[in-house]
Amino acid sequence: MDFIDSLNQQQQKAVTAELGQVLILAGPGSGKTRVLTHRITYLVQYLGVAPYKILAVTFTNKAAREMKSRVEEMVGANLRGIWLGTFHSTCAKILRREASYLPFGSNYIILDSDDQIAIVKNIIKEENINDKQYRPYNIHSAISNAKNNLQKPEDVPIQTFRDKIIQRVYEKYQQVLLNNNAVDFDDLLYWTVRLFEDYPSVRESYARQFEHILVDEFQDTNLVQYSLLKHLSSYHGNLFVVGDEDQSIYRWRGADYRNMLRFEEDFPKNTKILLEDNYRSTQLILDAATSVIDKNENRTPKDLQSTRKAKGNKIILHEAYDDRDESVFIVDTIRRLINHGRNKGSDFAIMYRTNAQSRLLEEAFLKAGLEYRLVGAQRFYGRKEIKDLIAYLRLVHNPSDELSLGRVINVPKRGIGAKTWQSISISAKAANISVGDMLMDLGLNSRDSQYWDEISSRSVAKLAYFGKQLVNWVESKEDLHLPELLSMIIDETEYELYLEENSSTKENSIDRLANVHELKRLTFEYEELGIETFLENMALVSDQDTLPEVAEAPTLLTLHAAKGLEYPVVFIAGLDQEILPHSRSLFEPEELAEERRLFYVGLTRAEDQLYLTRADRRSGYGSYVDCEPSEFLKDIPDELLEFAGRPGTTRHHHKTATNTKWNSYVGPTRGASRGFRMSKPKAPKPRTAQLYQPGMRVQHASWGEGIVMDSRIIGNEETVDIAFEDYGFKKVLASIVKLDILK
DNA sequence: GCGTTACATATTTTT
DNA sequence: TATGTAACGC
């Protein structure tokens, strides 16, 4: 078994552990992904297990893809048939197959969180519930909690009036979803468990199939996921889970790290293996991380040992006047290190608690003329234009999808307003058909339609026109590939024109057009897979999943998104009370503990160098708010820290009297003399003449017309990003590709 | 049905 | 700041 030679003893023990229940407690950087991939390889290659008998669950789709390709590399064969994905995608697959047992069809749609909240909001309105007192967001999360605890509406324990409201809304909410052949994220898991519990024979068939089940990030499973695993492993009982209670950061989503304890109780014969060797960070970083996490209770203390020889550089702490300065400091430092040739752009990551913090950082990067890549933030799939177009595709895929129809029936504006919508909804209900079907009947038969006169609205003709379009798309979908279908819809609705006319600024409109082009480009990847797979992936694939690994550029991301990643140099920004820990976590010890874990996750992402930054004041809603240092900073021993001061100023004295350690940083420090310059960011490098500007229309001999999305000089070459109308996105060098600029 | 306006309000993380 | 929404007038 030479493929495990490169592993340490504990890792080898994990990979070759006996069948049955195995729990791997894996500290950060201890190579748990390697253990998982090697374990699968071990199963396939040495135990001869057929791939389709293996189910491996990861936290993101990206992790699943990577794992698959790594194992395939090791095995030297294709792993056709292996079930490798997230809990959600695995369940989605099962539900599509077994839809005949369920109260929805196999072509169900998956709602995103905006849709979910919107539905709750509607119900609250319809039911005349006070939306100030019962905020849609909160009610929704209560419903989500209920589902994560496997409660039906009638199972919701009623203690307060609020519970009653929740129950009522939950019930209605579920009706709306089922009426629309829709499920939400929680439903994917919830219905799968229901399926297994209500139909033992179905459970049996899956349990028999999955001889081996492996789970990554086990500490972030919730109750539904846990019972899912129990059901799925109920026949063979081979359950191999990997996790670290200290890295559990999804409590708010129902995750419960105590599943790790539960696992040991439920499977007393389990094998437990601890991985403590850390291959990632310097010992100094690990010491700091340990002293932070040790403050949490109810955990197994761990002794993280670095395999690296050098103890490592101290953690550099910087306090800025305000959040703008903080960003400038970070970008300046990065630029300095790159200029020194010490690091390349992709060595850096900047992590923060909330997405909103990325804005000032982005500005600082732009000013400095440095590239960066941003994970998440304004989600691509959450953008209005993307959601509109996906709603069109959903509608064509299933004309009875009323939620999607409602979304697009008047986008772009076609004179069908709320009144008309109400009117056709009522008629459809009376006729016992879906609104989409009625619409199409109007489209097909015009005045001869039996429904024509029924609809008491002046806009029947408009409805009929749209119905006709819909009929046409539905008929065409058989003959067209997905990209063609999408283009057809965009053309016939004049969607791009609508975007141009309805965007606040020119830039904004270019941005949104670029999104549309990006969506078009994406559909090309689904020419073969088809519309169904496309729609499912649109709902379940996260932004991290699709983030191109391009560019030698620093990465900006939230601490949550950083889980599982590592970088040579890590900045954690916003180490202020009410930011990290977040203000909403301060009253609940469990939540505060989770904030601490979040910080711990961030700290342990760093390989060589850590920077922590904070600011005395931050811009809130329009005005500045004073900030105090994060309480977590106190827990890092002085000797591991070095203070990067503000040249030319006296340090601000914090009023936090209890924070004695903190005050010990006051005064001149070595950090300050190390040449940190707080200079104003220089203007972007003067550029050699740039031929192309964003927004220009260009023509290429074979690719046809396109619009310039971006253009920049790299080295001496002008690189141009162009979205071609029919060929999607292309990156070209201006000097090589011949382009004509159209007026 | 739609555009304009004033006014309130403030979601942390993401499958 | 920035975003949504209720109300109004055309």
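All values below were derived from every heavy atom in this structure, side-chain atoms included, with hydrogens, water molecules and symmetry-related copies excluded. Proteins come first, then strands; the chains are lettered A, B, ... in the order of their sequence lines, and each starts at number 1.
Using a 4.5 Å cut-off on side-chain heavy atoms (C-beta onward), A:W421 and A:N410 make no contact. The side-chain heavy atoms of A:K387 and A:K384, taken from C-beta on, include no pair separated by under 4.5 Å. Between A:K125 and A:D131, every side-chain heavy-atom pair lies at or beyond the 4.5 Å cut-off. Counting only heavy atoms from C-beta outward, the side chains of A:H231 and A:T192 never approach each other to under 4.5 Å.
The side chain of A:N138 places no N or O atom within less than 4.0 Å of a non-bridging phosphate oxygen (OP1 or OP2) of B:dT11. Considering only side-chain N and O atoms, A:N410 lies under 4.0 angstrom from the phosphate OP1 or OP2 of B:dC2. Side-chain N/O atoms of A:T60 include none lying less than 4.0 angstrom from OP1 or OP2 on B:dT15. When the side-chain nitrogen and oxygen atoms of A:R584 are compared with OP1 and OP2 of B:dT11, one or more of them lie within a distance under 4.0 Å.
Using a 4.0 Å heavy-atom criterion, one finds that A:R251 contacts no nucleic acid atom at all. Backbone-only engagement by A:A418 is indicated by non-hydrogen atom pairs under 4.0 Å involving sugar-phosphate atoms exclusively. Across all strands, A:K563 comes closer than 4.0 Å to no nucleic acid atom at all (heavy-atom distances). Using a 4.0 Å heavy-atom criterion, one finds that A:K121 contacts the sugar-phosphate atoms exclusively. When heavy atoms are screened at a 4.0 angstrom cut-off, A:D186 is found touching no nucleic acid atom at all.
Here B:dT15 presents its C1' atom at 14 Å from CG of A:L228, a figure rounded to the nearest Å. Residue A:F59 contributes atom CZ, which lies 10 Å from atom P of B:dT14 at whole-angstrom precision. A:K413 has its NZ atom 11 Å from the P atom of B:dT4, to the nearest Å. A straight line from CD of A:Q357 to P of B:dT12 spans 11 Å, rounded to a whole angstrom. A:Y621 places its OH atom 13 Å from the P atom of B:dT9, with the value rounded to the nearest Å. Between the P atom of B:dT15 and the CD1 atom of A:I110 lies a distance of 13 Å, rounded to the nearest Å. If you take CD of A:E501 and C1' of B:dG3, they are 14 Å apart, rounded to a whole angstrom. The OH atom of A:Y498 sits 13 Å away from the C1' atom of B:dC2 (whole-angstrom rounding).
Which of B:dT11, B:dT14, B:dC2 sits closest to the side chain of A:A561 comes down to B:dT14. With B:dT12, B:dG1, B:dA10 as the choices, the nucleotide that has an atom nearest any side-chain atom of A:T420 turns out to be B:dG1. Side-chain proximity of A:K419 to the nucleotides B:dG1, B:dT13, B:dC2 is greatest for B:dG1.
Closest approach of A:K121 to A:P136, counting heavy atoms only: CG-CG, 3.8 Å.
For B:dT12 and C:dT5, the C1' atoms lie 24 Å apart once the distance is rounded to whole Å. Rounded to whole Å, the separation between the P atoms of C:dG4 and B:dT13 comes to 16 Å.
Ring planes of A:W252 and A:Y250: tilted class, angle from 30 to 60°.
A:L612 CG to A:S630 OG: the interatomic distance, rounded to the nearest 0.5 Å, is 9.5 Å.
Under the stacking criterion of a centre-to-centre distance below 5.5 angstrom and an interplanar angle below 30°, A:W252 sits stacked against the six-membered ring of B:dT13.
Shown here are the side chain to side chain donor-acceptor pair (under 3.5 Å) partners of A:D220, two or more places apart in sequence or in another chain: A:S248, A:K563.
With DNA chain B read from its 5' end, the first of the two nearest nucleotides for A:A539 and A:K132 is the one closest to A:K132. Where A:T354 and A:R414 each meet DNA chain B at their nearest nucleotide, the meeting point lying more 5' is that of A:R414.
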Go through the steps to decide whether A:Y173 and A:Y170 satisfy the test ring-ring contact (aromatic ring centres under 6.0 Å, His included), and finish with yes or no.
CA-CA 5 Å; A:Y173 174 82; A:Y170 180 8; 7.3 Å; no
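Where DNA chain C meets chain A (any atom under 4.0 Å from a heavy atom), the bounding nucleotides read 5' to 3' are C:dT1 to C:dA6.
With hydrogens and angles ignored, no donor-acceptor pair under 3.5 angstrom links the side chain of A:R135 to the base of B:dT11.
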